[in-house]
Structure formats: structure tokens, C-alpha cells
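Heavy-atom basis, side chains included; hydrogens, waters and symmetry copies ignored. None of these values were measured; they are calculated from a predicted model.
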Amino acid sequence: PAEAAAVLRDAAARDPSAYEPRLALGRIALASGDLARAKAELALAVEKAPREPAAYALLGEVAAVEGDAAAAEKAYATALGYDREYAPAEIGLAKLEVARGDRAAARARLERALALESRSAEGRMQYGMLLWQARELPAAEAAFQAAVALQPRNARALARLGAVKLERGEDLAGAQATLSAAALEDERLPEARFWLGRVLLKRGDAPAAITALRKAVELEPANAEIHLWLAIAQEKSGALQEAVEQYRAAMAADPKLAEAAERLGALYLANNRFEDAAAAYEKAIAAAPKVARYRMARGDALARMGKHDEAIRIYKEALRLDPGAVQVHYRLARAVHESQGARAAFPLYEKAAREDRDNPMPHYFLGYLYKERGQKARAAEEFKKFLKLKPDADEKKDIEAEIEDLGG
């Protein structure tokens with residue numbers, strides 16, 4: 001680019017009336033992030049060719065980068081006013097529609113742009129992104145593949161093609177090869193390293209995945225999702241303390257990323273750090289207060305700490321949020337059993353057995369509770385249901401002896 005800019009400046013000096021060198025210099029400055037220089041060069045291009053749509057479309061791109069959507073929209077509209085079939089302006093307006101959340105309008109504009117200029121790699125890229133976000137993965141892959149065919153060394157197009165291949169899960173080797181190519185084309189592209197790390201993790205190569213994801217973190221340290229996936233890779237490789245640090249980094253980068261808090265809570269819970277687990281799940285609840293499973297998990301941590309009354313309260317909150325979360329019923333019954341005794345828990349075990357039919361544990365406790373009540377036939381029936389649902393239970397011999405003693 002620096003050499004190209006030198007040649008273009010020489011061309012501009014040789015022909016001061018020519019707009020093309022200024023247009024190209026503006027494009028180079030925009031690509032390098034020098035927005036002031038880009039605006040100055042493009043203003044000169046407009047001065048020399050006031051009806052040239054490309055200059056206005058590029059001014060629209062500059063305004064979009066600056067966050068001035070109104071100015072960007074005006075510039076793109078001006079470009080279309082001079083050439084109703086100028087595809088880059090349609091693509092620019094489509095990006096603004098996406099930012100506004102109007103995906104239908106964006107899709108219509110992109111389809112028009114591609115009808116006008118089928119060989120637009122940028123148009124194919126934007127269309128692929130729209131399809132990817134809509135979870136139309138085969139169509140998204142086709143769009144990114146078309147962009148790569150037009151620009152085989154476009155690192156972003158390669159990275160997104162590889163990412164969609166990974167999400168489709170049908171060609172992991174192809175996804176890895178494509179993402180490796182993207183990382184080679186642009187060593188400083190975070191998304192290439194991020195998706196490469198993910199495909200390596202998917203293929204079982206956790207050490208290589210960690211290397212790729214660490215590089216992605218270096219390139220984009222404020223990206224919470226990269227920290228999250230680095231933590232997942234470290235946890236899978238057994239580097240638990242490092243995983244904890246990365247989960248915390250993800251939560252710091254984006255407090256609304258509930259998955260990071262949930263995974264950290266699960267890691268603490270699995271290692272009997274119940275107080276830390278409860279705190280992590282509390283952050284998950286704060287990030288996504290309407291997700292019942294975060295409350296259920298926090299209730300589990302509180303119950304393991306012996307705080308059964310608090311666990312009861314939060315289990316009830318989970319059920320109010322999601323009455324279909326049938327697995328909460330057994331947990332609630334256990335917490336009530338520990339806090340208030342078997343009599344208070346008895347109807348809750350019965351409800352758990354009715355609602356959560358694949359869970360053997362309500363039948364286990366009901367068997368003993370019916371036995372205490374002298375209802376031998378009911379007790380034997382519950383023990384049989386327990387063994388049917390859990391035929392390899394560690395307690396199998398004891399339960400079989402109970403059934404025999406009960407006359408079953």
C-alpha cells in the first residue's frame with residue numbers, strides 16, 4: 001500500500017484534474033484506518049468529479065466507520081442518485097440496515113447488489129454473514145465459498161468460510177485447512193485464530209487449540225468470547241487454574257456473557273468449591289435473569305454448602321421461571337427433606353416422581369418413606385421402579401434385599 005500510494009501521489013501531481021488517484025488514495029487511507037486522510041482525499045475526488053458515485057460510496061464507508069449512520073446513509077444515497085445501479089452503495093446501505101436490525105431490508109439490498117454485480121466479493125461476504133446469522137448454514141457456506149473464489153487470498157472470507165464449515169460439522173478437515181490458510185494470509189486477524197482454535201479443539205487437539213486461542217487473545221484482548229473458548233480448551237486439557245483465570249477474563253470483558261459464569265460455576269462445583277460456585281452462578285443469573293437453569297445450579301451449590309433454606313427459595317424461583325424444568329422437583333424435595341424433614345418432603349418426592357419420569361432418585365427415597373409408613377407393597381413398588389430406571393446402581397444389592405424383606 002505504501003508503494004502504491006507513492007505512485008498515486010505522483011500520478012495526482014502529473015494530472016491535477018484527475019479524480020482517480022485521489023479516489024484510490026482515499027481507499028488506501030480508509031483501509032489503513034487513517035480516516036482524516038481518507039476524507040481529505042475523497043473530498044478532492046468529489047471536487048474533481050462531482051458526479052462520481054464511487055467517491056460518495058467511500059465517504060459513506062468512512063462515515064460508517066466513524067459511527068455516523070445518518071451521514072453514511074446520505075453519502076450512499078447520493079452515490080445511488082448518480083448511478084442507480086451502483087452495487088457498492090447498495091452493500092453499504094445493507095450494512096446500515098443490519099446495524100438497525102432490519103435483516104429483511106438488508107437481505108433485499110444485498111440480493112439487488114449481487115444481481116447488479118455478481119462478482120462483488122464484498123457483497124458475497126456480507127450476504128454470507130447475513131445467512132450465517134440467520135443459521136442458513138449451507139447457503140452461508142456457498143456465499144463465502146463464492147467470495148473466496150473471487151478473492152482466494154481474502155483472509156476474512158477464508159476465516160468465515162472455515163467457521164461455517166466448522167459449525168456445519170460435515171468437513172472438519174476442510175474447515176481446519178481453510179482456517180489455517182486464513183491465519184497464514186493475515187497473521188493479525190483474530191477471527192482466523194479464534195475459529196482455528198475452535199476447530200482444533202473439536203478435532204481433539206487441545207494443545208494446538210490453546211496456542212491458536214492464546215494468539216487470538218493477544219490480538220483482541222477485549223473479546224470475551226475468545227477468552228471463553230480459551231478457558232474451555234484449558235479446562236479440557238486439565239489446566240484448571242488457567243481456565244479459571246480465562247473464565248474470569250471473559251466475565252470482565254463482557255458481564256452479560258452468562259455462559260462464562262455458568263462454566264466457571266460448573267468447574268468450581270465439580271471441584272467442591274461450593275461457595276465460589278454459588279458466586280459464579282449468581283453472576284450468571286445477573287447476566288440472564290430469565291434462564292432457570294442458572295438458578296437451579298446455584299441452588300445445587302447452596303444445598304451442597306448446607307444452606308438448604310436458601311436453596312429451597314432459589315429452586316422455587318427456578319420453577320416459577322420455567323414450570324417445565326422438571327428436574328428441579330427432586331432437588332427441591334431433597335432440600336426440603338434436609339431442612340424440614342421427611343414428612344414435609346414426602347409430597348414433593350411424589351411430585352418429582354410424577355413430573356421427572358426418567359429420574360430414579362425420587363423412587364429411591366419414596367421406597368424408604370413408604371417403608372417407614374408401613375406401606376410395604378408401595379415401598380417395594382418404588383424400589384422396583386428405582387432399579388428399572390437405574391439397573392446398574394451401586395445400591396442394587398441393598399435395594400434387592402429391601403424388596404425381598406418387603407415380600408416383593
Presence of salt bridge, Arg248 and Glu245, under 4.0 angstrom: no
Closest non-hydrogen atom pair between Leu158 and Leu179, with its separation: O-CD2, 4.5 Å
With Arg135 via side chain to side chain donor-acceptor pair (under 3.5 Å) - residues at least two apart: Glu167
Inter- and intrachain pairs under side chain to side chain donor-acceptor pair (under 3.5 Å), touching residues 323-332, at least two apart: Asp300-Arg331
Contacts of type salt bridge (Lys or Arg N to Asp or Glu O under 4.0 Å), residue Asp276, not counting sequence neighbours: Arg273
Parallel, tilted or perpendicular: ring planes of Phe144 versus Trp132, cut at 30 and 60 degrees: perpendicular
Which residues share a ring-ring contact (aromatic ring centres under 6.0 Å, His included) with Tyr370, sequence neighbours left out: Phe346
Pairing residues for Glu355 by the salt bridge (Lys or Arg N to Asp or Glu O under 4.0 Å) criterion, not counting sequence neighbours: none
Show every donor-acceptor pair shorter than 3.5 Å between a side-chain atom in residues 253-261 and any protein atom, with sequence neighbours excluded, or say none if there are none.
residue, atom, partner, partner atom, Å
Asp254, OD1, Lys256, N, 3.0
Glu259, OE2, Arg263, NE, 3.0
Glu259, OE2, Arg263, NH2, 3.4

Pairs meeting criterion side chain to side chain donor-acceptor pair (under 3.5 Å) with involvement of residues 339-349, two or more places apart: Asp309-Ser339, Arg334-Tyr349, His337-Tyr349
Lys/Arg N to Asp/Glu carboxylate O, Arg313 vs Glu317, below 4.0 Å: yes
SB check Glu41 Arg37 (cutoff 4.0 Å): yes
Pairs satisfying side chain to side chain donor-acceptor pair (under 3.5 Å), at least one member in residues 283-293, at least two apart: Glu262-Arg293
Residues in salt bridge (Lys or Arg N to Asp or Glu O under 4.0 Å) contact with Lys371, at least two apart in sequence or another chain: Glu402
Arg168: side chain to side chain donor-acceptor pair (under 3.5 Å) partners, not counting sequence neighbours: Glu141, Glu170
Centroid-centroid distance, Tyr368 to Phe383, less than 6.0 Å: yes
Under the ring-ring contact (aromatic ring centres under 6.0 Å, His included) test, residues paired with Tyr56 that sit two or more places apart: Tyr82
Contacts of type salt bridge (Lys or Arg N to Asp or Glu O under 4.0 Å), residue Glu90, not counting sequence neighbours: Arg109, Arg112
